[in-house]
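Just below is one structure, and these are the notes that go with it.
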Amino acid sequence: MEQALYIHNSLTRKNEKFEPRRPPYVGLYVCGPTVYGEAHLGHARPAVTFDLLHRYLLHLGYRVRYVRNITDVGHLESDADQGEDKIAKKARLEKVEPMEIAEHYTRSYHHNMDQMNVLRPNIEPRASGHIIEQQQMVKKILEKGYGYVSNGSVYFDVEKYNREHNYGKLSGRNIEELRSNTRELEGQEEKKNPFDFALWKKASPEHIMQWPSPWSDGFPGWHLECSAMSTKYLGHPFDIHGGGMDLIFPHHDCEIAQSTAAEGEESVRYWMHNNMVTIAGQKMGKSLHNFITLNQFFSGDHELLDKAFSPMTIRFFTLQAHYRSPLDFSSEALQAAEKGLEKLLKAGEIIDQLKPGQQSDMDLDQLERDCYQAMNDDMNTPVLFSRLFEMVRFVNSVHQKQATIHRDDIDKLRGIYQHFVQDILGLERESQQEEGSRLTSELIEMILHIRLEAKKNKDFDTADKIRDRLKELGVIVKDTKEGFEWEIENE
RNA sequence: GGUCGCGUGGCCGAGGGGCUUAGGCACCGGUCUGCAAAACCGGUUACGGCGGUUCGAAUCCGCCCGCGACCUCCA
């Protein structure tokens, strides 16, 4: 692979050549879910985006350690009254242990991600399992003089940090702007400046999730877990940190500040951010009644959906847009994606049936170069798909004997398909009742042979009756020159 | 209000100063077919608005309109 991978670094806002610090090893950290509810599209997009990156890096031969956290503690309810721990709040409502809630939704998340063929990260650390590491980081920041204790809580001294470094460099904010824009909120009197953020927060007595610390019984500040866990598992500095665009400020700017304060230098070499998801042109939100969970997509059980959409369709649809563009979901667009995906998967099956000819009517080396070029250009999957669909057209033409392919090129074609469609894009046919279908297949074939006889005898009434009846049962029959083809309709 | 980003044909979605017919879906015509489906071939519909820079702008600049993310304890 001569070409080099370029990725868009949010820090410089430019596409940069990707060069790992210690090849062939690559450290990748991505902000994972807060497990207090079912996974929705806002979870699917970053998961699929960075799954693509993960898979591509593996394909290129890198040894990747992919870390994605599970946030199960410490984050406060914004619209809620008391600033009660989000998970604790839900637990009280449902009368179960907070960890039970976290566990439940973690499993649900895993299940949804498996359905979409998202490879599991190598490590999925939980914030609750890394309280010690987070406390150590707080200590380190205090020792270096970038934090201060106030009433049992520890805050990060943004002003001091900003004198030597650039706070807000990732989001393009500056401290003066923040000063003038900060809203008046309760509890600010503990802080030197309103824009200081918590490293450790003292818990109120009714707060369920809390841990002892030198400063108070409390819980770690929001941004700390990612800094602590990425350092622990990937070292310092590490290669790539990813997440949604909505996390750039304050989350990732705070991470930069914390790590830099603790370690003396920045910890992340490439920042990558996926764009957001909208539904029928609107942002997704519970109050807008367009909040759709992945399970609702898979079942079709939502008023905005005309039908169910398979996990693989959601994956394909997500990848059809570039990860840095906004992605708008609609029933109509998804139905188009469903057909496109089917066409692509079908072509994969046809490749195995191709008959070789004298020469090839398509330059497969060029095709392969084009595919790599698309991926290397900041993972331009829309362009990759346009190349792959050109390949699909060629495959179908050969299948219909309107084009030819040389024997050697069939293997090459199969390789390209395997690498790009299956390995990198992670698109595969969802297993449709594999077991017990052998008898079914043979029965269908037998019936179709009888139909072929009928056709030969010009008994089209019988032939059509068989085809219509099979269609009712979900079996699509297609006549060909040699005889017939059939397939089972989706769903 | 501030920062950043987006606005492409019926729908989705790349590209990004002249030449990409991008691609998918839909629609129309053709080939094939007993018919149909699929596939293949061909076709239609573009670059939010107004100015400017340029020999030339969808692509650069300005303003306007519309949409989105973030703006400190909500990943």
Side-chain angles (χ1 to χ4, degrees), chain A residues 10 13 31-36 42-43 46 69-71 74-80 83 86 155-156 158 168 171-174 177-178 180-183 185-188 191 193-198 201 221-223 225-226 243-251 253-254 273 275-278 281-283 316-317 320-322 324-330 332-341 343-344 346-347 350 374 380-390 392-397 399-403 455 458-460 463-464 467-468 471 476-481 485 487:
Chain A
S10 307
R13 291 159 211 261
C31 290
T34 300
V35 282
Y36 67 90
H43 294 106
N69 63 299
I70 298 276
T71 297
H75 297 275
L76 304 173
E77 198 89 356
S78 73
D79 44 344
K86 224 168 190 177
Y155 293 99
F156 190 87
V158 170
S171 61
R173 270 162 242 265
N174 65 60
E177 195 182 294
L178 293 171
S180 58
N181 271 329
T182 302
R183 308 180 208 140
L185 290 161
E186 286 181 42
Q188 297 283 19
K191 299 197 243 176
N193 278 300
F195 42 70
D196 288 348
F197 56 90
K201 189 83 177 157
W222 311 344
H223 314 302
E225 63 176 277
C226 293
M245 262 179 49
D246 52 337
L247 299 177
I248 290 176
F249 192 87
H251 188 56
D253 261 320
C254 291
H273 293 94
N275 212 314
M276 309 307 287
V277 162
T278 54
Q282 278 193 307
K283 75 175 207 176
F316 176 79
F317 184 71
Q320 249 192 336
H322 186 81
R324 287 193 290 112
S325 296
L327 180 64
D328 186 52
F329 278 79
S330 65
E332 194 185 7
L334 281 166
Q335 286 181 55
E338 190 172 56
K339 292 190 180 169
L341 172 63
K343 191 170 170 181
L344 186 61
K346 195 76 202 301
I350 292 174
N380 196 330
T381 48
V383 168
L384 175 59
F385 277 120
S386 82
R387 303 303 183 203
L388 291 174
F389 276 106
E390 283 167 15
V392 168
R393 203 184 310 141
F394 173 63
V395 168
N396 286 328
S397 295
H399 188 51
Q400 305 249 324
K401 312 214 169 19
Q402 289 166 4
K455 276 177 65 182
K458 304 264 186 243
D459 181 4
F460 295 124
D464 287 352
R467 185 174 59 193
D468 292 345
K471 182 160 175 26
I476 310 290
V477 179
K478 296 170 197 170
D479 290 347
T480 63
K481 283 198 175 64
E485 287 178 357
E487 65 192 20

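Order of the sequence lines sets the chain letters (A, B, ...), proteins ahead of strands, with each chain counted from 1.
At the heavy-atom level, A/Glu332 lies under 4.0 Å from the strands shown only through sugar-phosphate atoms. A/Gly168 comes within 4.0 angstrom of nothing in the nucleic acid, heavy atoms only. Among the heavy atoms of the strands, none lies under 4.0 Å from A/Arg324. Nucleic acid contact for A/Val158: none, since no nucleic acid atom lies under 4.0 Å from a heavy atom of the residue. Within 4.0 Å (heavy atoms only), A/Asp328 reaches sugar-phosphate atoms of the nucleic acid but no base atom. A/Lys339 comes within 4.0 angstrom of sugar-phosphate atoms only, judged by non-hydrogen atoms across all strands, and of no base. The residue A/Ile248 sits apart from the nucleic acid: no heavy atom pair falls under 4.0 Å. Looking at heavy-atom distances under 4.0 Å, A/Ala321 makes contact with sugar-phosphate atoms alone, never a base. Using a 4.0 Å heavy-atom cutoff across all strands shown, A/Asp246 reaches at least one base atom of the nucleic acid. Nucleic acid contact for A/Thr381: none, since no nucleic acid atom lies under 4.0 Å from a heavy atom of the residue. In this structure, A/Phe389 reaches the sugar-phosphate backbone alone: every heavy-atom distance under 4.0 Å involves primed, P, OP1 or OP2 atoms, never a base.
For A/Pro326, taking side-chain heavy atoms from C-beta onward, the closest of the listed nucleotides B/C25, B/U72, B/C6 is B/C6. Out of B/G34, B/C40, B/A75, the shortest distance to the side chain of A/Lys343 is found at B/C40. Closest to the side chain of A/Gln400, out of B/U72, B/A36, B/A39, is B/A39. Ranking B/A22, B/A14, B/U72 by closeness to the A/Ser386 side chain, first place goes to B/A22. Comparing B/A14, B/A75, B/A38 by their nearest atom to the side chain of A/Thr34 picks out B/A75. Between B/G23, B/C70, B/C40, one nucleotide has an atom nearer to the side chain of A/Arg173 than all others, and that is B/C70. Candidate nucleotides B/A39, B/G23, B/G15 were compared by shortest atom distance to the side chain of A/Gln320, and B/G23 ranks first. Closest to the side chain of A/Phe317, from the set B/C6, B/C12, B/G23, is B/C12. The side chain of A/Pro382 sits closest to B/A22 out of B/G24, B/G15, B/A22. Each of B/C12, B/C70, B/A14 was ranked by its minimum atom distance to the side chain of A/Phe249; first place goes to B/C70.
Comparing the P positions of B/G18 and B/A58 gives an interatomic distance of 11 Å, to the nearest angstrom. For the C1' atoms, the distance from B/U21 to B/G62 is 33 Å, rounded to whole Å. The separation of B/U33 from B/C28, taken at their P atoms, amounts to 22 Å, rounded to a whole angstrom. Distance check on atom P: B/C65 versus B/G49 gives 15 Å, rounded to whole Å. Comparing the C1' positions of B/C50 and B/G7 gives a spacing of 16 Å, expressed to the nearest Å. Going from the P atom of B/G23 to that of B/C40 covers 13 Å, rounded to whole Å. Separation of the C1' atoms belonging to B/A39 and B/U45 is 25 Å when rounded to the nearest angstrom. The separation of B/C12 from B/U3, taken at their P atoms, amounts to 30 Å, rounded to a whole angstrom.
A donor-acceptor contact under 3.5 angstrom links the side-chain atoms of A/Asp464 to the base of B/G34. For B/C41, the base has no donor-acceptor partner in the side chain of A/Arg393 [N/O atoms by modelled type, under 3.5 angstrom]. Between the base of B/A22 and the side chain of A/Arg387 there is no donor-acceptor pair shorter than 3.5 Å.
The nearest heavy atom of RNA chain B to A/Ala336 and to A/Met245 marks one nucleotide each, and the one closer to the 5' end goes with A/Ala336. Mapped onto RNA chain B by nearest heavy atom, A/Lys346 and A/Asn69 fall at different nucleotides, with A/Lys346 at the one closer to the 5' end.
A/Asp464 and A/Arg467 are joined by a salt bridge, as a carboxylate oxygen and a charged side-chain nitrogen come within less than 4.0 angstrom of each other.
Rounded to a whole Å, the NE2 atom of A/His273 is 16 Å from the P atom of B/C6. Per the geometry, CG belonging to A/Asn396 stands 19 Å off P belonging to B/C32, to the nearest Å. The distance from atom NZ of A/Lys471 to atom P of B/A36 is 15 Å, rounded to the nearest whole Å. Across the protein-nucleic acid pair, A/Phe316 atom CZ and B/G24 atom P stand 10 Å apart, rounded to whole Å. Taking atom CG of A/Asn275 as the reference point, atom P of B/C70 lies 11 Å away to the nearest angstrom. Distance CD (A/Gln402) to C1' (B/A38): 12 Å, rounded to an integer number of Å. Atom CG of A/Asp253 is separated from atom C1' of B/A69 by 14 Å (rounded to the nearest Å).
A/Ser330 and A/Asp328 are not linked by any side-chain donor-acceptor pair at a separation below 3.5 angstrom, with hydrogens and angles left out of the test.
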* **Stepwise side-chain contact (heavy atoms from CB on, under 4.5 Å) check, A/Val392 with A/Asn396** => CA-CA 6 Å; A/Val392 168; A/Asn396 286 328; 3.5 Å; yes
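Stems are defined here as 3 or more consecutive Watson-Crick or G-U wobble pairs with pairing distances under 3.5 Å; those involving RNA chain B are B:1-7 with B:65-71, B:10-12 with B:23-25, B:27-31 with B:39-43, B:48-52 with B:60-64.
Within the structure, a side-chain polar atom (N or O) of A/Ser325 is placed less than 4.0 Å from OP1 or OP2 of B/A14.
By the 30° and 60° cut-offs, the orientation of the rings of A/Phe156 relative to A/Phe197 is parallel.
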